[in-house]
Amino acid sequence: MSERIQPRTLKGFRDYPPAAMIPREWIIDTARRVYRSYGFSPIDTPALEHLEILTGKGSAETDKQLYRFQDHGGRSVGLRFDLTVPLARFVAQHIQQLGTPFKRYQIANVWRGENTQRGRYREFMQCDFDTIGTASASADIETVLVINDLLVALGFEHFTMRVNNRLVLNGLLEKLGLTAQATHVLRALDKLAKVGSETVAQELAAIATPAQAAAVLELAALIGDNESILAQLQPLLAGSPLGERGIGELTDLHVALRAAGVPPERLQLDVSIARGLDYYTGMVVETFLDELPEIGSVCSGGRYDNLTQLYAKQELPGVGASLGLDRLLAAMEELGRLPKVQTTAQVLIPFFAAECRDRYLALASRLRGRGLRVEFYPEPKKLGKQLQYANRQGFLAALILGDSEFAAQQCQVKNLATGASQTVGYREDVQEIMDALQPILATS
RNA sequence: GUGGCUGUAGUUCAGUUGGUUAGAACGUCGGAUUGUGAUUCCGAAGGUCGGGGGUUCGAAUCCCCUCAGCCACCCCA
């Protein structure tokens, strides 16, 4: 009796009370809506996979972060650390029935046993969308368009999608004879914006000759608007078939996105964007909030041409991206962009006249029948207290009915944001109440 | 995983060179006010000082370990 278990959560794992869960679900709903508007369909996969599925990719870093253990049957299993690897397994297993192109989205938790920081947790949610089975540039362009639409739908105007193409980097590496060290070079390059060119130069010095390192840095240091970057790239990659193809793809993407109406300032060609993950082969993109760039990319992705090679003979190209929901939420929290709403209902009916309980319940039911979300306060209490509750929970409107209203067949419709209230007739069809509520509820 | 900073009511923080019963503001609850919610007044509840061990006559304060949060590296959403 005296020895209680201390209630607590693991490092990097969190509880989500209503005030945290409501904006969370709003983002999920928004992502779902945007993905579906492009024809992506939902799938889900198990949280737990056979260990060899997850480690097959063989990156030492992801192996270190993997949650792994023996299950009750002695199998080696692991928790998925992203949604792309399970997708590769899923596609290799089911593509015969699904056919191509296959467009799916998946919104689910992933786990990484790394050290925590602001916006970095051990359990977090990713909102992935991918197009499998086509190498078309159109799918690349759509991927960036989805990211753009998604952030706009989430209420952002000022954000930057940094775009690059792995072919440009690979072309240069090939030209320089650095292909074998590609992974190291790209990782060093990826840090350019953060640590500056001197540090990157030092890191490159360890794996390349001074001339090679200088050539890599020259490419990555290109600045200016997108057109001028493209123009400056030409001579640097001349003679490299890969590099020239990369420039072609970047140009195409840039032109197409402009034509699709993406504001030019949102799209930044950035040759230093490499993405750490090995599986990207073409276009790569990272998205930063202009108001809080230091929190990192909130939506990243790219093209991978050999994703299923570990699991199937068939070669299936793909392109996609992932919204980091928890990082985005951490950013929105810090930017004060999260509304302080704790209720999912719009309208509160205070329990005011103690003997009229059943009439309140009937009114609430009728309003719900008209599509409203309505809460009836569970006990008769002072009206002031109940309105305070309504205010704190974030209700938009209260319907006040006491003895005098019931007697006069009326209802007071109170706008909780402004404090204004109006009295309307209260009849079975609740039409007058609906009419009075409409403008109040329309504000959110 | 490595290194650094931090941890005191629900929240934000005070707390003297180690000294008796750990404070404030805001929030919460009750009342003034059994018909109107961010004002005012009165009152109340709420703390194993993150947890464990040690030094000491005495620890929120000093030391060690541990847990958690933040920052940098690493990597990434």
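No hydrogens, no waters, no symmetry mates; every other heavy atom, side chains included, goes into these values. In what follows, chains are A, B, ... by sequence order, proteins preceding strands, each numbered from 1. This is a predicted model, so every value here is computed, not measured.
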**Q** Considering only the C1' atoms, how many Å lie between U28(B) and G10(B), rounded to the nearest integer?
**A** 8 Å
**Q** Just name whichever nucleotide pairs with C5(B), Watson-Crick or G-U, keeping both distances under 3.5 Å, else none.
**A** G69(B)
**Q** In whole Å, measure the gap between the C1' atoms of A14(B) and U61(B) for me.
**A** 14 Å
**Q** Would you call Asp429(A) and Arg366(A) a salt bridge, using N to O less than 4.0 angstrom?
**A** no
**Q** When both hydrogen-bonding distances must be under 3.5 Å and the geometry is Watson-Crick or G-U wobble, what is U16(B) paired with, if anything?
**A** none
**Q** Taking atom P in both G69(B) and C26(B), compute the distance separating them and give it to the nearest angstrom.
**A** 31 Å
**Q** Please check the phosphate of C75(B) (OP1 and OP2 only) for any side-chain N or O of Arg122(A) closer than 4.0 Å.
**A** no
**Q** Say you pick atom C1' in G47(B) and the same atom in A22(B); how far apart are they, in whole Å?
**A** 9 Å
**Q** Please state whether the phosphate of C71(B), meaning OP1 or OP2, lies under 4.0 angstrom from any side-chain nitrogen or oxygen of Arg118(A).
**A** yes
**Q** Say we look at G15(B) and A24(B): how far apart would their P atoms be, to the nearest angstrom?
**A** 15 Å
**Q** Using a strict threshold of under 4.0 Å (side-chain N to carboxylate O), is an ion pair present between Glu49(A) and Arg89(A)?
**A** yes
**Q** Atom CG of Asn391(A) and atom P of U28(B): how far apart are they, to the nearest Å?
**A** 10 Å
**Q** Quick one: do the Tyr105(A) and Asp130(A) side chains pair a donor with an acceptor below 3.5 Å?
**A** no
**Q** Taking C13(B) as the reference, what is the distance to U56(B) when you measure between their C1' atoms (whole Å, please)?
**A** 29 Å
**Q** Quick check on U36(B): is either OP1 or OP2 less than 4.0 Å from any side-chain nitrogen or oxygen of Gln386(A)?
**A** no
**Q** For Gly113(A), which contact category applies under a 4.0 Å heavy-atom criterion: base, sugar-phosphate, or nothing?
**A** nothing
**Q** What I want to check is whether the side chains of Asp435(A) and Gln431(A) have a donor and an acceptor closer together than 3.5 Å.
**A** yes
**Q** Heavy atoms within less than 4.0 Å of RNA chain B: which residues of residues 24-31 of chain A have one? Give them sorted by number.
**A** none
**Q** Categorize Phe352(A) for me: base, sugar-phosphate, or nothing, with a 4.0 angstrom heavy-atom threshold over every strand shown.
**A** base
**Q** Heavy atoms under 4.0 Å, any strand shown: does Thr116(A) hit a base, just sugar-phosphate, or nothing?
**A** sugar-phosphate
**Q** What contact category does Asn415(A) fall into here, base, sugar-phosphate, or nothing, at under 4.0 angstrom with non-hydrogen atoms?
**A** base
**Q** Start at the 5' end of RNA chain B and walk down; is the nucleotide closest to Phe13(A) or to Glu114(A) reached first?
**A** Phe13(A)
**Q** Measure from OH on Tyr377(A) to P on U34(B) and round the result to the nearest Å.
**A** 17 Å
**Q** For a quick check of understanding: with a heavy-atom distance under 4.0 Å over all strands, which category does Glu405(A) fall into, base, sugar-phosphate or nothing?
**A** base
**Q** At under 4.0 Å, does any side-chain N or O of Lys381(A) touch on OP1 or OP2 of G37(B)?
**A** no
**Q** Atom CD of Glu379(A) and atom C1' of C29(B): how far apart are they, to the nearest Å?
**A** 13 Å
**Q** Are the side chain of Arg166(A) and the backbone of Tyr280(A) linked by a donor-acceptor contact shorter than 3.5 Å?
**A** yes
**Q** Within a strict 4.5 Å, meaning less than it, do heavy atoms of the Phe288(A) and His158(A) side chains meet?
**A** no
**Q** Is there a Watson-Crick or G-U wobble partner for G37(B) with both distances under 3.5 Å, and which nucleotide is it?
**A** none
**Q** Mind checking the P distance from C29(B) to C67(B)? Whole angstroms is fine.
**A** 37 Å
**Q** Walk me through it: do Gln70(A) and Ser76(A) pass the test side chain to side chain donor-acceptor pair (under 3.5 Å)?
**A** CA-CA 5 Å; Gln70(A) 303 269 310; Ser76(A) 293; 3.1 Å; yes
**Q** Phosphate oxygens OP1/OP2 of G69(B): is one of them under 4.0 Å from a side-chain N or O of Lys11(A)?
**A** yes
**Q** What integer distance in Å separates Lys414(A):NZ from G37(B):P?
**A** 7 Å
**Q** Using atom C1' in both nucleotides, what's the gap between G50(B) and G7(B) to the nearest angstrom?
**A** 6 Å
**Q** Which whole-number value in Å describes the distance from Lys385(A) NZ to U36(B) P?
**A** 13 Å
**Q** Looking across every strand, which nucleic acid part, if any, lies under 4.0 Å from Leu416(A) by heavy atom: base, sugar-phosphate, or nothing?
**A** base
**Q** Does Arg112(A) contact C75(B) through a side-chain donor or acceptor facing the base, at a distance under 3.5 Å?
**A** no
**Q** Nearest nucleotide by nearest heavy atom, which residue falls closer to the 5' end of RNA chain B, Arg14(A) or Gly296(A)?
**A** Arg14(A)
**Q** Does the side-chain ring of Phe124(A) sit on the six-membered ring of the A77(B) base, less than 5.5 Å centre to centre and under 30° in tilt?
**A** yes
**Q** Distance alone, cut at 3.5 Å: any donor-acceptor contact between the side chains of Asp128(A) and Gln106(A)?
**A** no
**Q** Specify whether Phe129(A) and Tyr35(A) have parallel, tilted or perpendicular ring planes, treating 30° as the upper limit for parallel and 60° as the lower limit for perpendicular.
**A** tilted
